[in-house]
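Proteins come first, then strands; the chains are lettered A, B, ... in the order of their sequence lines, and each starts at number 1.
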Number of protein chains: 2
Amino acid sequence: MEEKIDIYFISKKAKVSPATVSRVFNRSELVSEKTRKKIQEVCEKYDYKPSIVASSMRTNKTKYIGFVIPNMTNPFFFELLRGAEEYASKKDYYLVVFNSENNYEKELVFLDAIFKRRIDGIIISGIAGGKKDNFFTREILKKKLPCVLVDRYVEGLDIPSVITNNVKGGILAADYLLKINNKRIGIITFELKIKIIKDRYNGFKRILEQNGLLENFLIEIPVDSKNILEELARNRDKILKSKVDAIFCLSDFIAIYLMEFLRNSDIKIPEDLSVIGFDNITYSQFVSPKLTTIAQDIYKMGNLSCEMLLNNISENNNKNIKLKNKILEPKLIIRESCAVR
Amino acid sequence: MEEKIDIYFISKKAKVSPATVSRVFNRSELVSEKTRKKIQEVCEKYDYKPSIVASSMRTNKTKYIGFVIPNMTNPFFFELLRGAEEYASKKDYYLVVFNSENNYEKELVFLDAIFKRRIDGIIISGIAGGKKDNFFTREILKKKLPCVLVDRYVEGLDIPSVITNNVKGGILAADYLLKINNKRIGIITFELKIKIIKDRYNGFKRILEQNGLLENFLIEIPVDSKNILEELARNRDKILKSKVDAIFCLSDFIAIYLMEFLRNSDIKIPEDLSVIGFDNITYSQFVSPKLTTIAQDIYKMGNLSCEMLLNNISENNNKNIKLKNKILEPKLIIRESCAVR
DNA sequence: CTGTTAGCGCCTTCAC
DNA sequence: GTGAAGGCGCTAACAG
């Protein structure tokens, strides 16, 4: 029978108490250099790795952060995840992935898994929410699980979030289109119940309004992110007959599908029709024509969300500092998909 | 002082023993329906969620799987992750993300984190490996941590893997180019030390050889996945002067950068130059011209890798069935980036 | 600076 | 079908 290598084993070999061994890993400043070195040598020799599982029992900290994704098909979320992971792993926290694919049932399962696992906090980059509005976030709040929203926010709920100024993003898009004299406007929308999406829409529309061009707002096509191409095809006539100059897409993901659709329909971008997107995902620069878009700093949003969450987790102990939201600035990226008229 | 809600609390309220409560969650077939219902009601009432952390201590199972990614910039890995997550979460396992960005130091840190966290197994979609070749995998083997490689394999080591037949993929690419009479050939390579990449290369080259066209293998440009565009630019003259008909890229990720580079250099695809890729990532269909490529079923690879890992984890107990590798078939996807000459 | 001790919340025997 | 009890590996509190 092999002897198990735990903290007692190490403490015996090093001729110290288990508490001292523990201190070496947690509060090593309390241990004299001499004994610390000795203990480290013994640990090395037996390849001892203290169990975080066991320490979680005592400390009530698992060093895990949940990362909830609504749709792993959109690389936008991968970039968000990348930003968060990079910050977390630096601090010895690691991310657990929960991909709901916008499925409410799955979210309920995740909620259960998250609580059972005693995860220290979660970052939410999108939830379906289901019939009961915001059930997910309400549960999180009820249980006082530290939480940060990225690229999402919920009004009236006390959950910090990291977002881009989406209203301003919409404004930038509209301003630009008008400036280059694209005045017959269409828009492809999706999930307008999501506030950040609605904000883009509102910002955009506001500019048309201010310029008395609301009657030039000719088509508005809602799309479901699962069957974008089909829904565009269903609206083919509407799009072709509208004779719009430009179409604003509420995300690059959708813009790229729209470009594909237009190409298949022999409509030339930007000669026949300008397209402008939102997000600036990596691939927007690779489609052709290169997509003009409103950029968010996606990586930074992910990174910041994790930073905020970890700050909250540690501040929870001396509940003093109030969480703040972070709002990043959007930026117009002019590439090739919009024409001056 | 709030009473803590643990298994004892529930057992008292339900007037049963803690053992019975535990059984309801784990081996509920051993509990009579009547007591089970009663216990469930009490759990519901107090919103009790048994701690997986505590159960991990007893069972030595954390229900976590590590997912090691070499590069979160390539959406290929997101698709792999998606496939694995989907399988895992169905079985109440969850994935912990370790993104090394091909950094050997980070991998060492991860190795430590993985062992300390007593994660049940890991899926590796790529590692740097560092100076000591395969240090990472050797450590994993030494500690007998269940492990599966996806889109990677290591010869001579007893680690199961899920891959596509990459040699065959290379063959398909070469066959196709020759068939459409593209006979002056170039290739953009990267990380040839990775076996699956080298296999693609070898399969491709073998066909040229068999057709006595090896002297038509005109340029071979190695590229570092971090600065693809710059490295292509550095080789601009070489590419332009070679007058090749077609370039084979060992991944779509690279092919897309190459297309971008060629576009910037006013070389028309496919009229002046055919491009063929490998992987069939989502965006290959959105670039224009649409990329002709050798497809791997990425999602399925991720899914399968997780299935294999979980099978191994449970079979470990009654160490009987030997792990097998899975080799999926590649498929030529003809789109628009290769011209008949 | 170091040691002793008592749990953290659960599950697995082993009884009954 | 159910209960009693010990222990998984660690750390916090207290004592020295």
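- Atom NZ of A/K63 and atom C1' of D/dT11 are 14 Å apart (whole Å).
- Residue A/S55 places no side-chain N or O under 4.0 Å from the OP1 or OP2 atom of D/dC10.
- One atom, CZ of B/F25, and another, P of D/dT2, lie 15 Å apart when rounded to the nearest Å.
- Distance, B/N26 CG to C/dC11 C1': 7 Å, rounded to whole Å.
- Taking only side-chain nitrogens and oxygens, A/S22 comes nearer than 4.0 Å to OP1 or OP2 of D/dT11.
- Contact annotation: B/K4 reaches the phosphate of C/dC8 (side-chain N/O to OP1 or OP2, under 4.0 Å).
- OP1 or OP2 of D/dT11 has not a single side-chain nitrogen or oxygen of A/T59 nearer than 4.0 Å.
- Between A/S56 and C/dC8, a side-chain N or O to OP1/OP2 separation shorter than 4.0 Å is absent.
- Between the CZ atom of A/R117 and the C1' atom of C/dC10 there is a distance of 15 Å, rounded to whole Å.
- Between the side chain of B/R58 and the base of C/dC11 there is at least one donor-acceptor pair of N/O atoms closer than 3.5 Å.
- Spacing between atom CD1 of B/I7 and atom P of C/dG9 amounts to 11 Å, rounded to whole angstrom units.
- One can place NZ of B/K38 at 10 Å from P of D/dT2, the figure rounded to the nearest angstrom.
- Contact between the side-chain N/O atoms of B/Y48 and the OP1/OP2 oxygens of C/dC10 is found at a separation under 4.0 Å.
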